[in-house]
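One structure is given below, encoded as structure tokens.
Counting starts at 1 for both ligands and their atoms, following the listed order.
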Amino acid sequence: MRAADLADDLTDVLVTEEQILEKLEELAARVAHDYAGKDLVLVGVLKGAIMVMADFARALPMLVPMDWMAVSSYGAGTKSSGVVQIRKDLDTDLHDKHVLIVEDIIDSGLTLSWLLENFTARGAASVEVLALLRKPKSVKVHVDVRYVGFDIPSEFVVGYGLDYAERYRNLRDVAVLAPHVYS
Ligand code: PRP
């Protein structure tokens, strides 16, 4: 569904489906150039990254394997703990592979920084990141992100894979959730 069909739940539309698809085409061309002749594997982080992975992988002008990881933060009970638990591990052996992590959003950066270290420890030849969205003002730990779609303000955004209590993931656009929905 489109943001216009959910007008009561949303305030601003930050990125439309059309803008997302155009950006992913652009990033796919860069990635294809950068990884020509290399043993590349895409790793999506469930569940938010499913839409980005589906559209980005199909925009790539080369065949590429896709694998998935599901993680969750625990420890202090908040995402800010930076301690990550693997809920579903990869099926792929990353040894000597060039890994591109595909993410929907970088908020604090804690999930990614943990994944980068973890994949490097598995013997990957290289580990880089593609993220559709980044909230620069929310970053707690710096992560080098080679491919970024859009920098956005630190607001509660949903759509295109991003949820609030598992809702809105199938919204085609990325939009700001109206405060009355979650307060
Ligand atoms: C989101 C997103 C990233 C992570 C980013 O996942 O998909 O994986 O948070 O946050 P960080 O930069 O602060 O670590 P979430 O835990 O909401 O799970 P989901 O993808 O299943 O919705």
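Here's the thing with Gly48: one of its N/O atoms is less than 3.5 angstrom from an N/O atom of ligand 1. Considering backbone and side-chain atoms together, Ile106 places no N or O closer than 3.5 Å to any N or O of ligand 1.
No chain of hydrophobic side-chain contacts below 4.5 Å, direct or via other Ile, Leu, Val, Met, Phe, Trp or Tyr residues, connects Leu6 to Tyr160.
For ligand 1, the atoms closer than 4.0 angstrom to any heavy atom of Glu103 are 2 (C), 3 (C), 7 (O), 8 (O). Every atom of ligand 1 with a heavy atom of Ile105 under 4.0 Å away is listed here by number and element: 2 (C), 3 (C), 5 (C). Of all the atoms in ligand 1, the ones that sit under 4.0 Å from a non-hydrogen atom of Leu46 are 20 (O), 21 (O). Set against the non-hydrogen atoms of Thr111, the atoms of ligand 1 under 4.0 Å away are 4 (C), 10 (O), 11 (P), 14 (O).
Under 4.0 Å from ligand 1, the heavy atoms of Asp163 that appear belong solely to its side chain. Counting heavy atoms under 4.0 Å from ligand 1, residue Arg169 touches it through the side chain alone. Residue contacts with ligand 1, taken as heavy atom pairs separated by less than 4.0 Å, involve Asp104 solely via side-chain atoms from C-beta onward.
The residue among Ser138, Ser113, Ser72, Ser108 with a heavy atom at the shortest distance from atom 11 (P) of ligand 1 is Ser108.
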**Prompt:** Does the side-chain contact (heavy atoms from CB on, under 4.5 Å) test come out yes or no for Val129 and Leu112, once each step is laid out?
**Reply:** CA-CA 8 Å; Val129 179; Leu112 262 183; 3.6 Å; yes
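Under 3.5 Å, the side chains of Ser138 and Ser108 contain no donor-acceptor pair of N or O atoms. With 3.5 Å as the limit, one finds no donor-acceptor pair spanning the side chains of Thr16 and Asp173.
At distances below 3.5 Å, at least one donor-acceptor pair connects side-chain atoms of Lys88 with backbone N or O atoms of Trp68. A donor-acceptor pair under 3.5 Å is absent between the side-chain atoms of His33 and the main chain of Ala28, judged by distance alone.
A perpendicular orientation is assigned to the rings of Phe156 and Tyr164, their planes being inclined by more than 60° (bins at 30° and 60°).
For the side-chain contact (heavy atoms from CB on, under 4.5 Å) with Leu42, the lone residue among Asp67, Leu130, Leu60, Val99 that qualifies is Leu60.
Distances from ligand 1 to the non-hydrogen atoms of Lys140 include no value under 4.0 Å.
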